[in-house]
Number of protein chains: 2
Amino acid sequence: MTGNTPADSSGPNQARRSATTRAAILDAARERFAADGYERATIRAIARDAHIDPSMVMRYFGSKEGLFAAAVTLDLRLPDLTRIPRDEVGRALVDHFLGLWEGNEDLTAVLRVGATNEAGAERMQRIFREQLLPATRQVCPDPEQVPARAALCAAQLLGLALTRYVLRLPPARELTYQELLAWLGPTVQRYLTAPNP
Amino acid sequence: MTGNTPADSSGPNQARRSATTRAAILDAARERFAADGYERATIRAIARDAHIDPSMVMRYFGSKEGLFAAAVTLDLRLPDLTRIPRDEVGRALVDHFLGLWEGNEDLTAVLRVGATNEAGAERMQRIFREQLLPATRQVCPDPEQVPARAALCAAQLLGLALTRYVLRLPPARELTYQELLAWLGPTVQRYLTAPNP
DNA sequence: TACCGTTGCCAACAAGCGTTGACCAACAAG
DNA sequence: CTTGTTGGTCAACGCTTGTTGGCAACGGTA
């Protein structure tokens, strides 16, 4: 809560050498949080990965929570769904999410932490509210149904991420990109645009 | 691994008073594991909930891992799918899972722990392999496709559980039993019995 | 030269963890 | 009355955790 980090980037021309260390800490933190979750990812281990002293982590980020907040920022970068043919938005969304998960361990981190930590769950709720909900609003006819339909999409997409990247169920890992697209695309499409079942 | 618990139930007519305490510990453990996950659920807190000394937990269950293994045993009690009309198995499965989740915090515990702990993830994999896979085999035409189809069902069902009971996304909580049945039933049905997409 | 902020390591702190062993009350059997 | 088993408490162990403060170098600036 103090927030007095010494390497604050508010200065205009501060091309400090600390930026390197800061980035190394953030990289190590992302990796550890994704692999171990919040509790098991220790500051000491993160510092060891970044080849610096644990106390440096505190100086740069104030606390473990501060480090997590700084390391795991999640922007889904959802595309503008109004520019996609109405009957392809499901497939497009699945495609987008798959590409996102494959190359970004932040998503695994945020999901893993969301499952254990209360603050992590709230962060997850905010991502849902501020990013997935508006995107759903672009394609869903009845505004009143937007939250429910977005929740259904989230359940399907996060369920895949859970089984494939967190629990690592072998059959979920063996599904190819094309297969996932073909199976999940119509599901999400239906959740978004189908009339009430 | 020692297994020398004093209150071993192998004896025939041992109606020990310890059974009460043992049950109290297991109840408290289930609740804590479900609410906090493996790491944050401490033996001390569980003992406090059960109104006994932490050392008793060790005497009864050997270790924290032993306690978790004893407390969280998961039997999905999947119905015999061959006795259900082929075009209703999806809806039946969703119905079964929803009923299971609502009254059983073990499922939340095993999911939460599976997301953080490596042993928890393996436990999840075994549940999938030994319970969901055989059930899928009962309704899926091509044996070769069974693992993939089961994985898709698991993704959808666990995704719902994740968003509704673990992350507690408000829109996911506000969906009624009937709505979930109507939305997810056809999805699972398609994953199980539809021809390749 | 002297200064001073920055970057970093080191050693330690208090707290909490899982776990252990000594001890005690009750009670049944001999 | 002794003896042994059972159900239970208490205090402590060794360890790890997040976190803190002191101290040593470096690198500009005056």
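Order of the sequence lines fixes the chain letters, A, B, ..., with proteins taken first and strands second; residue numbering starts at 1 for each chain.
Of the candidates C:dT19, D:dG8, D:dT19, C:dT19 carries the atom nearest the B:Ser63 side chain, counting heavy atoms from C-beta on. Of the candidates C:dC9, D:dG8, D:dT19, the closest approach to any side-chain atom of A:Ile52 belongs to C:dC9. Counting only heavy atoms from C-beta on, A:Ser18 has its side chain closest to C:dT7 among D:dG21, C:dT19, C:dT7.
Listed for the B:Gln131 side chain is a donor-acceptor partner under 3.5 Å among the backbone atoms of B:Leu74. Not one N or O on the side chain of B:Gln156 forms a donor-acceptor pair closer than 3.5 Å with the backbone of A:Gly159. In this structure, the side chain of B:Thr193 does not engage the main chain of B:Arg190 through any donor-acceptor pair within 3.5 Å. Panel note: side chain A:Arg30, backbone A:Asn104; no donor-acceptor pair is recorded below 3.5 Å. Here the side chain of A:Gln138 pairs a donor or acceptor atom with the backbone of A:Leu81 at under 3.5 angstrom.
In this structure, the CD1 atom of B:Ile43 is 17 Å from the C1' atom of D:dT9, given to the nearest Å. For the pair B:Met58 CE and D:dG8 C1', the computed distance is 16 Å after rounding to whole Å. Regarding B:Phe68, its CZ atom lies at a distance of 17 Å from the C1' atom of C:dG18, rounded to whole Å. Separating the CG atom of B:Asp53 from the C1' atom of D:dG8 is a distance of 8 Å, rounded to the nearest angstrom. Rounding to whole angstrom units, CZ of residue A:Arg59 and P of C:dC10 are separated by 14 Å. Rounded to an integer number of Å, the gap from A:Met56 CE to D:dA24 C1' is 13 Å. One atom, NZ of B:Lys64, and another, C1' of C:dG18, lie 8 Å apart when rounded to the nearest Å. Taking atom CZ of residue A:Arg40 and atom C1' of nucleotide D:dG18, one finds them 17 Å apart after rounding to whole Å.
Listed pair B:Tyr60 / D:dG7 fails the phosphate criterion, with no side-chain N or O lying under 4.0 Å from OP1 or OP2. For A:Thr21, a side-chain nitrogen or oxygen approaches OP1 or OP2 of C:dG8 to under 4.0 Å.
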Return the polar atom pairs (N/O with N/O) between nucleotides 12-16 of chain C and the protein under 3.5 Å, or none.
residue : atom : partner : partner atom : Å
C:dA12  : N6   : A:Arg44 : NH2          : 3.4

### Working for salt bridge (charged side-chain N to carboxylate O under 4.0 Å, His left out), residues B:Glu39 and A:Arg40
CA-CA 8 Å; B:Glu39 341 282 339; A:Arg40 293 175 54 119; 3.8 Å; yes
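Classification of the A:Phe68-A:Phe33 ring pair by plane angle, with boundaries at 30° and 60°, yields perpendicular.
A rotation axis mapping the C1' atoms of four pairs onto the next four is fitted at both ends of the helix from C:dT1-D:dA30 to C:dG30-D:dC1 over five pairs, and the angle between these axes is 30° to 10 degrees.
For residues 78-102 of chain A, the salt bridge (Lys or Arg N to Asp or Glu O under 4.0 Å) pairs, not counting sequence neighbours, are A:Glu102-A:Arg164.
With A:Arg32 as reference, A:Ile46 is the one residue of A:Ile46, A:Thr42, A:Ile43 to meet the side-chain contact (heavy atoms from CB on, under 4.5 Å) rule.
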